[in-house]
Amino acid sequence: MNGPITQLDSTLKRLHQRWEQTQSVWNDPVSRAFEQDYLIPLEQQVLVTQREMERLAQVIAQARRRVK
């Protein structure tokens, strides 16, 4: 489960880097609305998903320990 969590984290970091690059050429009210309407909610959802995946990984690990 750690692999997908790490992959999600690195993908989010790449998105941030590319958005910063994009803002150097696209910085107007529409770009700010895009960030508010899409990027910020996406980032929040990714962070929630990561936390839930970590919790799921803990539950799976606990279940495996009980089965052995």
Side-chain angles (χ1 to χ4, degrees):
M1 187 66 80
N2 285 336
I5 295 170
T6 302
Q7 184 179 5
L8 193 54
D9 185 57
S10 65
T11 301
L12 184 61
K13 287 178 183 174
R14 278 197 316 269
L15 177 62
H16 276 288
Q17 291 170 346
R18 291 192 178 168
W19 179 243
E20 287 177 13
Q21 292 170 348
T22 301
Q23 285 181 308
S24 69
V25 293
W26 185 37
N27 189 8
D28 63 7
V30 175
S31 73
R32 288 186 285 282
F34 178 83
E35 183 175 32
Q36 288 295 315
D37 294 344
Y38 297 102
L39 293 179
I40 291 173
L42 177 63
E43 178 182 358
Q44 293 168 347
Q45 186 59 52
V46 167
L47 295 175
V48 168
T49 301
Q50 285 177 307
R51 281 194 301 268
E52 293 303 317
M53 289 174 72
E54 289 167 0
R55 285 182 40 195
L56 180 59
Q58 291 172 357
V59 169
I60 290 170
Q62 184 180 20
R64 284 184 177 154
R65 285 192 298 274
R66 288 183 181 175
V67 170
K68 289 182 181 183

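When reading the values below, keep in mind they use all heavy atoms of this one structure, side chains included, and skip hydrogens, waters and symmetry mates.
Distance CZ/Arg65 to CD/Gln62: 6.0 Å, rounded to 0.5 Å. The line from OG1 of Thr6 to CE of Met53 is 9.0 Å long, rounded to the nearest 0.5 Å. Between the CD atom of Gln50 and the CD atom of Gln7 there is a distance of 11.5 Å, given to the nearest 0.5 Å.
In terms of hydrophobic clustering, with Ile, Leu, Val, Met, Phe, Trp and Tyr side chains grouped at heavy-atom distances under 4.5 Å, Leu8 and Leu47 are assigned to a common cluster. Hydrophobic clustering, with ILVMFWY side chains joined whenever heavy atoms are under 4.5 angstrom apart, keeps Ile5 apart from Val59.
Arg51 has no carboxylate O lying under 4.0 Å from a charged side-chain N of Glu54, or vice versa, which leaves the two without a salt bridge.
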Worked verdict on Gln44 versus Val48 for side-chain contact (heavy atoms from CB on, under 4.5 Å)
CA-CA 6 Å; Gln44 293 168 347; Val48 168; 5.7 Å; no
Stepwise side-chain contact (heavy atoms from CB on, under 4.5 Å) test for Leu15 and Leu42:
CA-CA 10 Å; Leu15 177 62; Leu42 177 63; 3.8 Å; yes
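Ring geometry for Phe34 against Trp19 counts as tilted: the plane angle lies between 30° and 60°, on a 0 to 90° scale.
Shortest non-hydrogen contact noted between Pro41 and Glu35 is CD-O, 4.1 Å.
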